[in-house]
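Scroll down for the structure; my scribbles are underneath it.
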Amino acid sequence: MLVLKFGGTSVGSAQNIKKVAQIVQSQNEPLVVVLSAVSGTTNTLTEIHNSLVTGKNDEARDLTDVLELSYHTLLDELYTSEYYQLKALTFIRKSFEKLRKLTANDEHEILAQGELISTHLFQFYLAELQIDAALLSAFSFMSIDAQGEPETDQIKTKLSKSVLEISQDIIITQGFICLNHEDRIDNLKRGGSDYSASLIGAALNAKEIQIWTDIDGMHNNDPRYVENTFSINEISFDEAAELAYFGAKILHPQSVIPAKENNIPVLLKNTFAPKSKGTIIKNCDASDGIRAIAAKDGIIAMKIKSYRMLLAYGFLKKIFEVFEKYQTPIDMITTSEVAVSLTIDTPTHIDQIIKELQAFGKIEVDNNMSIVCLAGDFSQNSKGISSSVLNCLKEIPIRMISYGGSDFNMSLLIDTNNKAEALNLLNKGLFKKSISKETTLIEQFS
Ligand code: ASP
Ligand code: MG
């Protein structure tokens, strides 16, 4: 059993849906196909809900009309037979009739329409191609408890039973949507379809979970700032989580936890270049050396300097309590005997935080900073790895270094104005060999 999840862009147009159908057809295993909403739909549904909340019913109606029209165009381009055109049109009409009846109190039901529509349209399309696929409602198995956490045992029981009862080799279901502890429609938060796929893969003990997006997997560095980046063939869950947290937007770290815990590899693939190898995330050893680099902007650094507190126990606790009080997470932290430096990425309560911290010492704040995160083998046994990193950055002022927090990561804090240069210097200094190896791979697959 394989789980294939396709994101919003992959089902974003008739042409793209046809590509998804080809990918689905080319598999030789039983499949669960998890779909996101057509790209833009969930955003529009959110806008519709916001309009209803603020009493702008005309605006909600107009947005709904425009959204419905966009589906008419999609249907025209997707189906060739009159039979399926009509079937899909009737379905869209009914869905929008239902949507128009929903109110400001039905936020989650409004948001659920995107995935309900994309999965139905895809099933009709496969049927037109004479591929018999079952449509299994996510509401029949995907559930969350009162804390919003997935009920993994129940999901497993319900889903395994349904899969046994279904005779088709292809099962289509919705990402993102679920029922909550009151049996009401809910969701796994924005971008939650990857999480759905991971939960489904874990529940069915799938051979592999494939996440199909519009890029060639994870890159070794940020392609927006660095030329000659390449997609990584293989990465461990731990390394991927470090990168995802510090800016590699491709996958939310939480979404792969069920896969990691059940030892199910996650393959990142590109719907628009299905022959490219993509990136496999699995429980493997960290890279021999450095696997990849990512950067996160919008970081604020704070230094709390206090001679009075020298060697005092409880000093850090008091500092952390201030951040806890203002619900502001700390990303990076470094300490010396007389000072502590730490970073945050949310400035919302910064003034209150600074005011309270002043009771402990002198506070210095640096804005416009970036965390550069390197993932790879940073364990005690890896000799020379940190010196090779620092060697690349001889000309770049470094504000903080975090090393030894985990075996898989080293993070540096620098001024955002120096970020592009730093990423390029690191790329040149650390990936020379890999680039030539990967060039051959790219040629091989193009
Ligand atoms: N359609 C939902 C969203 O846009 C879920 C997802 O695509 O993952 O957030
Ligand atoms: Mg997505």
Side-chain angles (χ1 to χ4, degrees), residues 213-233 235 239-253 268 270 276 279 287 289-303 330-334 341-347 350 364-378 384-403 405 408-439 441-442:
T213 66
D214 49 7
I215 33 177
D216 275 344
M218 277 195 177
H219 277 237
N220 71 312
N221 204 330
D222 194 328
R224 289 169 302 180
Y225 302 98
V226 180
E227 275 178 29
N228 298 324
T229 64
F230 53 85
S231 77
I232 312 162
N233 294 340
I235 186 163
E239 291 171 310
E242 300 282 5
L243 289 174
Y245 179 62
F246 286 114
K249 286 268 159 54
I250 186 160
L251 207 60
H252 193 283
L268 306 177
N270 185 351
S276 304
T279 301
S287 159
I290 290 171
R291 187 92 72 177
I293 307 170
K296 183 174 169 183
D297 297 339
I299 305 291
I300 304 159
M302 301 173 98
K303 187 186 286 164
I330 296 169
D331 279 337
M332 243 174 116
I333 172 153
T334 54
S341 273
L342 43 80
T343 70
I344 57 173
D345 65 359
T346 27
I350 183 129
E364 281 170 31
V365 178
D366 293 309
N367 289 299
N368 196 32
M369 307 297 284
S370 294
I371 294 178
V372 174
C373 162
L374 297 111
D377 180 10
F378 285 93
I385 189 159
S386 45
S387 64
S388 61
V389 170
L390 295 177
N391 217 11
C392 297
L393 299 179
K394 273 184 279 202
E395 306 301 325
I396 306 281
I398 298 171
R399 167 74 176 77
M400 280 167 74
I401 299 177
S402 172
Y403 176 83
F408 320 105
N409 152 271
M410 173 174 181
S411 302
L412 305 151
L413 187 72
I414 59 171
D415 192 310
T416 303
N417 292 324
N418 297 327
K419 181 186 76 171
E421 194 187 348
L423 292 178
N424 277 287
L425 287 168
L426 289 166
N427 214 56
K428 243 187 251 150
L430 302 172
F431 291 109
K432 265 179 247 143
K433 281 189 215 104
S434 329
I435 287 176
S436 54
K437 193 169 84 196
E438 194 71 18
T439 314
L441 270 179
I442 289 165

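- Contact between Asn409 and Phe378 at its shortest, heavy atoms only, is N-CD1, 3.6 Å.
- Taking the salt bridge (charged side-chain N to carboxylate O under 4.0 Å, His left out) definition, one finds that Glu421 meets it with nothing, sequence neighbours left out.
- With sequence neighbours excluded, no residue forms a salt bridge (charged side-chain N to carboxylate O under 4.0 Å, His left out) with Asp214.
- Although no hydrogens or angles enter the test, the distance criterion places a donor-acceptor pair under 3.5 Å between the side chain of Asn220 and the main chain of Phe230.
- In terms of heavy-atom proximity, Ile371 sits nearest to Ser411 at CG2-CB, 4.0 Å.
- Partners of Tyr403 according to the side-chain hydrogen bond (donor to acceptor under 3.5 Å, both in side chains) rule, which considers only residues two or more places apart in sequence or in another chain, do not exist here.
- A 4.5 Å side-chain heavy-atom check between Asp415 and Pro397 finds every atom pair outside the cut-off.
- Smallest separation of non-hydrogen atoms from Asn270 and Ile215: CB-O, 3.4 Å.
- Partners of Thr279 under the side-chain hydrogen bond (donor to acceptor under 3.5 Å, both in side chains) rule, at least two apart in sequence or in another chain, do not exist in this structure.
- Residues passing the side-chain hydrogen bond (donor to acceptor under 3.5 Å, both in side chains) test with Asn367, sequence neighbours excluded: none.
- Contacts of Thr334 classified as side chain to side chain contact (heavy atoms under 4.5 Å, CB included), with partners at least two apart in sequence or in another chain: Ser341, Met400.
- The side chain to side chain contact (heavy atoms under 4.5 Å, CB included) check on Asp345 picks up Lys296, Ile299, Asp331, with sequence neighbours excluded.
- For Asn424, the side chain to side chain contact (heavy atoms under 4.5 Å, CB included) criterion is met by Val226, not counting sequence neighbours.
- Legend: residues meeting side-chain hydrogen bond (donor to acceptor under 3.5 Å, both in side chains) with Lys419, ordered by chain and number and at least two apart, are Tyr225, Asp297.
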